[in-house]
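Just below is one structure, and these are the notes that go with it.
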2 protein chains.
Amino acid sequence: MRSRSEEDYLKAIYSLSIKGSSTSTNEIAKALTMKASSVTDMLKKLADKKWVNYIKYKGVTLTKEGKQIALQIIRKHRLWETFLVTNLNFKWDEVHDIAEQLEHIDSIELINRLDKHLGFPKFDPHGDPIPDKNGKIQDLRKSQPLSDLKKGDKGIIIGVVDGTSIFLRYLDNEGLNLGTEIHVAEIFDFDFSYKLKINNKFLTVSERVSKNLLIQF
Amino acid sequence: MRSRSEEDYLKAIYSLSIKGSSTSTNEIAKALTMKASSVTDMLKKLADKKWVNYIKYKGVTLTKEGKQIALQIIRKHRLWETFLVTNLNFKWDEVHDIAEQLEHIDSIELINRLDKHLGFPKFDPHGDPIPDKNGKIQDLRKSQPLSDLKKGDKGIIIGVVDGTSIFLRYLDNEGLNLGTEIHVAEIFDFDFSYKLKINNKFLTVSERVSKNLLIQF
DNA sequence: ACTTTTTTTTAGTCTAGTCTAAATTAGTTT
DNA sequence: AAACTAATTTAGACTAGACTAAAAAAAAGT
């Protein structure tokens, strides 16, 4: 059995090792808002359980088993987020904290049935890929920021680069939801803002927004 | 904030006070498979938080606030059970352990939306009433055990008296699901077994079963 | 009413997971 | 390479929530 705390650490280590391979004590501490000394303690426990490779002062990596556990937690998190948005009509910026709790519910059968119920989605409402029951992640969906599109291009919104709450709320307000089809009507050279055509209405967004919105390739 | 442990105690005390009003330390210990000394410790903490009225050696009752909390946990438990059975196709005997975890997820918004999604059900798959968001419980559904019916009577299965796993599995196997309409074709005097007509098929059940099945009035 | 049994509480111990403060190691600068 | 700085670990303390064993109170039996 795994404690909730152990799962939080494994997930954090996984996320941090996406960029570089090895992760430092301080990085983990910051990610979990804990003190470095607490992290050291836990890393020893995780190493005893063979979920991480840990060498004093040298940082930490996940073992195969540790990575598999992390992927299953991420799978649960993203499936629950999908459920909350598509079945319970939550906005995509409201679901994170609830999914953070639901991801620790312990039942493989539950999560496989939820997966089926949702139609085996490959991406969550933020556009992040959902690992399958074996931990396999679909090749990243081909996408580019809106700012790479040219006048006349079309595409579908499939995610965001920076998922902060304020930004997601803005998108929601403007009707820029996941799955919305957009059409670049105009690009204004002087400030690189984009005039979009969406369902026969026009909307102009700033350069900043255009760099943050991911459009299906 | 409440810990999972505190919630488990409040729920147990609520369930035990359905019959008698006051509950003893030993009863709680047995219900939670803990030692009496652990229960005493926790009762003091719950009393400090004004969730129970506790007098040494004299047993314990819930305060208004404590009862309200217990009802909300029961509400969550039963709504999740309903979700698992009606949306994810679990059998009614498979859902208890999972609901036991889900009932501690902390989000009022989540549970209200789940309630709406399920169509504001008044009873869970076991036939137990679901408290509403104010903790109100609908008057118990009028029901009687099958053993009270006479030859020729009709009714709908709405619950069970004893919800042990073996029994529920038996029912499932025989096609005796919640909501199934039954018709008493014959009662055999020599052993009080019941011959039922269900969707034009016949099925005989023992006296024991007939006392355990609740039929809508 | 006195003794025995049962129930409940107290006192002290243990573990997981956090913290602070001090010590150690690694990295960087001169 | 010595000295300083930053990162990491160690040592020791704390809390919640469980436990065991012993003491105290209540209930039951004679």
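All chains are named by letter (A, B, ...) in the order of the sequence lines, taking the proteins before the strands, and each is independently numbered beginning at 1.
Distance, A:Ile28 CD1 to C:dG17 C1': 16 Å, rounded to whole Å. Straight-line distance from the OH atom of A:Tyr57 to the P atom of C:dA23: 13 Å, rounded to whole Å. Atom CG in A:Asp8 sits about 17 Å away from atom P in C:dA16, given to the nearest Å. Spacing between atom CE of A:Met34 and atom P of C:dC19 amounts to 6 Å, rounded to whole angstrom units. To the nearest angstrom, P of D:dG17 lies 13 Å from CG of B:Leu43. One atom, CZ of B:Arg4, and another, P of D:dA16, lie 19 Å apart when rounded to the nearest Å. Computed from coordinates, the A:Asn26 CG to C:dG27 P distance equals 13 Å when rounded to whole Å. Atom pair A:Lys45:NZ and D:dT10:C1' shows a separation of 14 Å (rounding to whole Å applied).
Proximity of B:Lys35 to the phosphate of C:dT8: no side-chain N or O atom is located under 4.0 Å from OP1 or OP2. Residue A:Ser3 has a polar side-chain atom (N or O) positioned under 4.0 Å from OP1 or OP2 of C:dG17. The shortest distance between the side-chain N/O atoms of B:Thr25 and the OP1/OP2 oxygens of C:dT7 is not below 4.0 Å. Regarding contacts with the backbone of D:dT10, a side-chain N or O of A:Lys56 is found under 4.0 angstrom from either OP1 or OP2. The phosphate of D:dT10 has OP1 or OP2 within less than 4.0 Å of a side-chain N or O from A:Lys44.
For A:Thr40, the listed nucleotide lying nearest its side chain is D:dT8; candidates were C:dG17, D:dT8, C:dT10.
Ion pairing of B:Arg4 with B:Asp8 is present here, as a side-chain N (NZ or NE/NH1/NH2) and a carboxylate O approach within less than 4.0 Å. Classification of B:Asp132 and B:Lys122 as a salt-bridged pair fails, no side-chain N sitting under 4.0 Å from a carboxylate O.
Every salt bridge (charged side-chain N to carboxylate O under 4.0 Å, His left out) that B:Lys49 has, sequence neighbours left out, goes to B:Glu6.
One cannot find a donor-acceptor pair under 3.5 Å joining the base of C:dT18 and the side-chain atoms of A:Ser37.
Looking at heavy-atom distances under 4.0 Å, B:Ser5 makes contact with sugar-phosphate atoms alone, never a base.
Taking the six-membered ring for Trp and thresholds of 30 and 60 degrees, B:Trp92 and B:His126 have nearly parallel ring planes, at less than 30 degrees apart. Using the six-membered ring where Trp is involved, B:Phe167 and B:Tyr170 have ring planes that are parallel, under 30° apart on the 30 and 60° scheme.
Side-chain contact check for B:Asn134 and B:Arg75: no donor-acceptor pair (N or O, by modelled atom type) lies under 3.5 Å. Looking only at atom types and distance, the side chain of A:Asn26 has no donor-acceptor partner in the side chain of A:Ser24 under 3.5 Å away.
Nearer to the 5' terminus of DNA chain C, by closest-nucleotide assignment, is the contact made by A:Asp41 (compared with the other of A:Lys58 and A:Asp41).
When the C1' atoms of four end pairs are superposed on the next four at each end of the helix from C:dA1-D:dT30 to C:dT30-D:dA1, using five pairs per end, the two resulting axes differ in direction by 0°, to 10°.
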